[in-house]
Number of protein chains: 2
Amino acid sequence: MKIAVDGMGGDYAPQTVVEGAVEAAISFPDIQEIVIVGKEAAIKRELNRHKIPGGRIAVHHASEVIDMGESPVRAIKKKKDSSLAVCIDLLRRKEVDAVISAGNTGAVVAAATLNLGLLPGIKRPGIAITFPTLHGISLAIDVGANINPAPEHLFQYAIMGEIYVRYLLKKKKPAVGLLNIGEEESKGTEVLQETYRLLRDSGINFIGNIEGRDFFGGKADCIVCDGFVGNVILKMIESVIEVFVRLVKNEIKKDYLAQVGAFLCRHAFQSIRRQTNYEEAGGAPLLGVSGPVIIGHGISSAKAIRNAIRVGANMVEFQINDRIVEEITNRNHRTTPNGSESQSKTAGTVSSNPTPPSLPTPPKDSEELNWLK
Amino acid sequence: MKIAVDGMGGDYAPQTVVEGAVEAAISFPDIQEIVIVGKEAAIKRELNRHKIPGGRIAVHHASEVIDMGESPVRAIKKKKDSSLAVCIDLLRRKEVDAVISAGNTGAVVAAATLNLGLLPGIKRPGIAITFPTLHGISLAIDVGANINPAPEHLFQYAIMGEIYVRYLLKKKKPAVGLLNIGEEESKGTEVLQETYRLLRDSGINFIGNIEGRDFFGGKADCIVCDGFVGNVILKMIESVIEVFVRLVKNEIKKDYLAQVGAFLCRHAFQSIRRQTNYEEAGGAPLLGVSGPVIIGHGISSAKAIRNAIRVGANMVEFQINDRIVEEITNRNHRTTPNGSESQSKTAGTVSSNPTPPSLPTPPKDSEELNWLK
């Protein structure tokens, strides 16, 4: 297994990226090679500070860098030799098995969609995140790739998220919930009402609409939401713990006994911060594109990069994309075009000839990609 | 000042409502009379348990009750003698100055919109909540009345929220932020992009888009958002503290010293829970309808009802609705229909003849109300 890492992506690149890649090479012996893509001189300078485990880190030169503020599609079309574009190209040519980038999120989505293409049958990619709840880790999809989803997009997010949770979070029959403003089927926008119907009739373990208050309760293992709400929440989650810690500190300052108490509790607090730290999750898989692509947080530390590489390796190991294609293909075979299910489902059989998963030719400037800006 | 309270609204009505009304009568001597509306016998039974301060609590009989699960518009049209409908009618006939209800939120919005009407110039009502941040109390609007807002609706929420913050949260030049998925003007849906332009050119202290991570930071005193996102967040806020407390308890159980520490910190934790408890805010004003209407949480305790009554009294005292009408009228006078500003603004003058605020005839089944379901 070979994994490419965008050496120039992230606020602290290339330093933390190189450090994270070295940590990953040490921690994950299953990864045959980690290819750091970017400005060779800068990356080699960083690499010289570390002891590299047995030739398992390579450098692939790319002369350009896409900045955080750049317009994604324009940047991808213009900077053909950017570290990100080269990473994606290595994946397209199957020279690597997965790509990790902590760079411009929009550019990662655009590069993967334009240059890898979407998995057969998938209409839109979605960014998934994993996060801690009162009952283990859950997944939310989408958190920012698609702020104007159609019901079919949300439905496919559920399919993809469910598979991810089943194989990577090891939950046998993941409970899928639709984020909405009330539990009844009639709640929310028309898009959500239609999505509810699609999920209800899907055979997925759909537990219905869930509300904001259920988000951290762990009621759903896979939460489906539109990318706008998901993105607002994602960023809110990141800040909530810090805000709470600040509130606690402010209160404790006022009271000497509480200061002593806080000192005695410090390990408990540290443990909570660890559990809720973005670094643990490492990176967010961009599901639906033809190849495992993991998006890291812009502020990614070395540890976050290391863990994002782990996520990429897991996606490869458990063949998540093949399973998604198989599931989508089976569903298309079972389902007539207007969405009602054909007899094969009623008879309890599934198609025995799923299209074998393969990386399709990327779509080029087709009208279908108008939603990418 | 007289305030009507929906005696049958809320999960623990009439008990907590009556208790809260009595507490309010004791705490707020400026309120001349609190009228509890609902089933007379049940309310009087509750009242008999309390010492009523000097005839300042009255009971107004209403024979019907709107349940939490009922379809709002249907319930309002059918149950003309429901406690909620009677409350709103007392307000329309100016027999009371404000209404508080912890009942079915959708029904409160529908009753107020259909039977009071909107303030002159206002296109949609919005529910506002106040919540604690690292820098004092902020307000968010809308949190559930309008899940499909047009730019003009969001713009008017900003106007109304800004006035509320100025007078009731006592901030001189409130910073208004638009909740979005990035700071740049080009981010988010077309509706948000257009709202950004309206706010930028409004003369309001608009600080631009804010992201989920800024929500609790106190960067914005007034956060404008669509009712869907606002509602998801509102419910998430309610649960976050409880989730955090559970996490802390789980961690502390594992460690004896931490248990001692937590005991020493308990006052600090209690203080944080108090600050972040929904009961403190009491109720959420429904802004934009022709009369002060405060929506309480379904689970409202007596303390929450008491504080919701305080919010209603404050809205009356500071004439929030008159100020909103004045502001909207002035803006309409200053602004040509296509949204560009006329010379009067450039010359630094404002209209000296704002339309005097008055309660308009409520619209009856007009097409404009199709958005109410």
Side-chain angles (χ1 to χ4, degrees), chain A residues 69 71 106 132-134 144 147-148 179-182 184 186 188-189 192 211-217 225-229 231-244 246-248 250-252 254-255 257-269 271-272 275-276 373, chain B residues 69 71 106 132-134 144 147-148 179-182 184 186 188-189 192 211-217 225-229 231-244 246-248 250-252 254-255 257-269 271-272 275-276 373:
Chain A
S71 162
T133 75
L134 288 177
I147 62 173
N148 233 335
L179 190 63
N180 205 330
I181 56 170
E184 303 86 347
S186 61
T189 58
L192 289 177
E211 300 186 71
R213 67 171 66 92
D214 307 313
F215 207 86
F216 295 107
C225 55
D226 82 55
F228 187 89
V229 179
N231 192 271
V232 168
I233 290 175
L234 164 69
K235 289 171 179 164
M236 189 175 268
I237 295 174
E238 288 176 12
S239 75
V240 158
I241 294 293
E242 288 316 305
V243 168
F244 199 82
R246 288 270 289 277
L247 281 176
V248 171
N250 288 346
E251 281 304 317
I252 281 172
K254 301 174 189 165
D255 175 357
L257 271 184
Q259 288 172 33
V260 176
F263 180 77
L264 297 175
C265 292
R266 70 193 182 287
H267 297 301
F269 281 118
S271 166
I272 292 168
Q275 287 169 49
T276 55
K373 279 193 284 195
Chain B
S71 161
T133 75
L134 288 178
I147 62 172
N148 232 336
L179 190 62
N180 205 331
I181 56 170
E184 303 85 347
S186 61
T189 59
L192 290 177
E211 301 186 71
R213 66 172 66 94
D214 308 315
F215 207 87
F216 296 106
C225 54
D226 81 55
F228 187 89
V229 180
N231 192 269
V232 169
I233 290 175
L234 164 68
K235 289 170 179 164
M236 188 175 267
I237 296 175
E238 287 175 15
S239 75
V240 158
I241 293 295
E242 289 316 306
V243 168
F244 199 82
R246 289 269 289 278
L247 282 176
V248 171
N250 288 347
E251 282 304 317
I252 280 172
K254 302 174 189 165
D255 174 357
L257 270 185
Q259 288 173 35
V260 176
F263 180 76
L264 297 176
C265 292
R266 68 193 185 285
H267 296 303
F269 279 118
S271 167
I272 291 168
Q275 287 169 49
T276 55
K373 280 193 284 196

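Quick note: numbers below take in every heavy atom, side chains included, and nothing from hydrogens, waters or symmetry partners. All chains are named by letter (A, B, ...) in the order of the sequence lines, taking the proteins before the strands, and each is independently numbered beginning at 1.
Looking at heavy atoms from C-beta onward, A:M236 lies in side-chain contact with B:F216 at the 4.5 angstrom threshold. A heavy-atom distance below 4.5 Å is not found between the side chains of A:F215 and B:K235.
Smallest separation of non-hydrogen atoms from B:C265 and A:G261: SG-C, 3.5 Å. The two residues A:I147 and B:G188 come nearest to each other via the heavy atoms CD1-C, 3.4 Å.
Within the 4.5 angstrom heavy-atom criterion, atoms from both the backbone and the side chain of A:L247 approach chain B. Of the atoms belonging to B:V243, heavy atoms from both backbone and side chain fall under 4.5 Å from chain A. Using a 4.5 Å cut-off between heavy atoms, B:I233 contacts chain A through its side chain alone, with no backbone atom that close. Contact annotation for A:L257: both backbone and side-chain heavy atoms come within less than 4.5 Å of a heavy atom of chain B. When heavy atoms are compared at a cutoff of 4.5 Å, A:L234 does not approach chain B at all. Interface remark: B:F269 contributes side-chain atoms only to the contact with chain A (heavy atom separation under 4.5 Å). Only the side chain of B:L192 comes within less than 4.5 Å of a heavy atom in chain A; its backbone stays farther off. For B:D214, no part sits under 4.5 Å from any heavy atom of chain A, backbone or side chain.
The residue among B:K254, B:E242, B:E211, B:E238 with the most heavy atom pairs within less than 4.5 Å of chain A is B:E211. Residue with the most contacts toward chain A among B:T133, B:L179, B:V260: B:L179 (heavy-atom pairs, distance under 4.5 Å).
In this structure, the separation between CZ on B:R246 and CD1 on A:I272 is 12.5 Å, given to the nearest 0.5 Å. Expressed to the nearest 0.5 Å, how far CG of B:L264 lies from CG of A:L264 amounts to 6.5 Å.
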